[in-house]
Each structure stands twice: as structure tokens, then as C-alpha cells.
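One structure is given here, and the rest of the page talks about it.
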2 protein chains.
Amino acid sequence: MEKKEPQLCKVEDTLNILTGKWKPIILFHLLVNGTQRFSELKRAIPGVTRKMLTTHLRELEEQDIVLREVYPQVPPKVEYSITEYGRTIEPILDAMHEWGAKHLEHMNSTEHQERVKEKQS
Amino acid sequence: MEKKEPQLCKVEDTLNILTGKWKPIILFHLLVNGTQRFSELKRAIPGVTRKMLTTHLRELEEQDIVLREVYPQVPPKVEYSITEYGRTIEPILDAMHEWGAKHLEHMNSTEHQERVKEKQS
DNA sequence: CAGGATCCACGACGATACTG
DNA sequence: CAGTATCGTCGTGGATCCTG
């Protein structure tokens, strides 16, 4: 294995947790709406399949970001929620949301558009 | 196209900018060491190919995170640096680095290891 | 020196069918 | 209801060769 800057690995670790097509939106719903059943999450996230929802939820559970509670009954009932520890990542999501919003503005700003035009010439 | 929570889209936009196998380490080197030539970056990042380095640098340039300066001479000389705007993302990288470090501790903590053991039984 | 062009491998994701 | 199993697709990244 190659060696990397130790500083950097941690950034990539954090990235790995958030990376996955549905993970941000899953976290968003659990953070905003609290505990939710599997089917509630599925309904709340249009386009996600059961497979991907399961996969991503299990990965988040492994990371101790999400808590999975199974109620042994028929029909089955499984509830998901953010762990106390999982909430520590919320500030990062907020920061990313804010920066992302500013970024969209920036990319549409006049100055940037003009720089783009220059390059084309 | 499906509609998504507007809040969320911005998080994903930010994620998209940092996502790419070499992007974090590229940004790290440019932030720490300042302006660097293509070959300097390549040497500083073991394992990266010219192709991927070029690809990622160009993407970062499109996002106005990185500045690319070509010196018209033979042999060619191209320098890359973080734009002033690009530096606005540094706090997020720092936050991710800190959280990542804490996360590694957390996953190795006694309490977490015990939770893992419980699940296995 | 700093690329561009091709071709290829692999893993993430998706569609569908089946199940306790 | 909340999954699992299987198969197919597609995009990211890598290997290699060529060029101004």
C-alpha cells in the first residue's frame, strides 16, 4: 500500500460515509423527521429501490450513524433513527449545504460567466 | 426528473466537487504548498496517473476552485493553484478532517466494540 | 513537459423476482 | 412489511501508447 498524508485519510473517511447515491437524503430525512420505518423512508425518497435503501441503511448502521431497531412481529416492523453519535455529523452537512448554495450563486455570477467567455475566445 | 428537497441538492453539489479519487489530495497539496507545476503535483501524489491528474484538475478548474496557468514555451510549463474562491471550501475540508479523526477513535472505542460483539451473539 | 486518445476492468447502482 | 438473490448496465478510474 502506498503511504498517504495522514491528514488526508481522515477527509476521505468522512467522504466515504457520505458518499453513496442516497445517503445524504437518507440522513436528511432521519435528521429532520426523527425515527422512521423502512416503508416511510422509502415513500419519502422517490426513486430509491428497496435494495439500495437497505444497503445504504446497513452501511450507515455499521458506521454507528444510524440505529436499526427490529420489532419481532408479523408483519415485520423496522425503525431507523440517527444515533446520538450520528448527530455529530450534522454540522458538516449544514456547512456543505451552505457552501453548496453559495457555490451555485458563484457559478452564476457575472464575473464568473465573463471568465468563462474569455476562455472560449 | 424527480423533485428533491432543495436543501439537499446543495449538499450533493458540494459532495460532487470533492468526489473523485484524487481530488481531496490534490486540494490538500495545493492548499498547503501553494502554486505547483503539473509534474510537481504528480510527484507529490504517488499512484496518480497523468490522465486522472489532468481530468481532476480540469474539473476543479471548471468549478473555479483551481486556477490553471499555461506558460507558452518549450518545453511546456503549466502551474496550478487554488483560487481565492477555492479557499472558501477549506473550512469544510478541515471540518471533515476533524470529524474523520474523531470517527476513527469512536469506531475503535470500547463501547462501540462491545456493541459490535453483542450483535454477533 | 504536459497532455490527448483508446481500450479495458471493476464496483456502484438498478430492475426484477422471490421470501419469512 | 422488509427484506434477499440474481442479473444487467453504466461510469469511474487505470494501463498503455501517441503528440505538440
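Naming convention: chains lettered A, B, ... in sequence-line order (proteins, then strands); numbering from 1 in each chain. Basis for what follows: all heavy atoms, side chains included, without hydrogens, waters or symmetry-related copies.
- When each of A/Glu59 and B/Pro76 is assigned the nucleotide of DNA chain C with its nearest heavy atom, B/Pro76 is the one assigned upstream, toward the 5' end.
- A side chain to side chain donor-acceptor pair (under 3.5 Å) with A/Tyr80 holds for exactly one of A/Arg68, A/Glu69, A/Gln36; it is A/Arg68.
- Put simply, CG on B/Leu53 is 16 Å from C1' on D/dT12, counting in whole angstrom units.
- OP1 or OP2 of D/dG3 sits under 4.0 Å from a side-chain N or O of A/Arg68.
- At whole-Å resolution of the value, CD1 in A/Ile26 and P in C/dC13 are 10 Å apart.
- Counting non-hydrogen atoms of neighbouring residues, nucleotides and ligands closer than 6.0 angstrom, the NZ atom of B/Lys102 reaches no more than 12 such neighbours.
- Atom P of nucleotide D/dT9 and atom CE of A/Met52 are separated by 18 Å, given to the nearest angstrom.
- Separating the CG atom of A/Asn16 from the C1' atom of C/dG11 is a distance of 13 Å, rounded to the nearest angstrom.
- Comparing C/dA2, D/dA2, C/dG14 by their closest approach to the side chain of A/Thr49 singles out C/dG14.
- Positionally, the nearest nucleotide of DNA chain D for A/Tyr80 lies more toward the 5' end than for the other of A/Lys51 and A/Tyr80.
- Mapping A/Pro75 and A/Gly20 onto DNA chain C by nearest heavy atom places A/Gly20 at the nucleotide closer to the 5' end.
- Looking at A/Ser81, its side chain never comes within 3.5 Å of a backbone N or O of A/Thr35 through a donor-acceptor pair.
- For B/Trp22 and D/dG13, the CH2 to P distance is 10 Å, given to the nearest whole Å.
- The base of D/dG13 has none of its N or O atoms less than 3.5 Å from a complementary donor or acceptor on the side chain of B/Lys21.
- Separating the NZ atom of B/Lys42 from the C1' atom of D/dA15 is a distance of 12 Å, rounded to the nearest angstrom.
- At C/dG4, one or more side-chain N or O atoms of B/Arg58 fall inside 4.0 Å of OP1 or OP2 (strictly under the cut-off).
- Under 4.0 Å is where a charged nitrogen must lie from a carboxylate oxygen, and between A/Arg43 and A/Glu40 no such pair does.
- Between C/dA2 and B/Ser39, a contact under 4.0 Å exists linking OP1 or OP2 to a side-chain N or O.
- Within the 4.0 Å cut-off from OP1 or OP2 of D/dT12, not a single side-chain nitrogen or oxygen of B/His56 is found.
- No side-chain donor-acceptor contact under 3.5 Å links B/Asp13 and A/His103.
- Atom CD in B/Glu12 sits about 12 Å away from atom P in C/dC13, given to the nearest Å.
- To the nearest angstrom, P of C/dA12 lies 9 Å from NZ of A/Lys23.
- B/Arg37 has a side-chain polar atom (N or O) that falls below the 4.0 Å cut-off from OP1 or OP2 of C/dA2.
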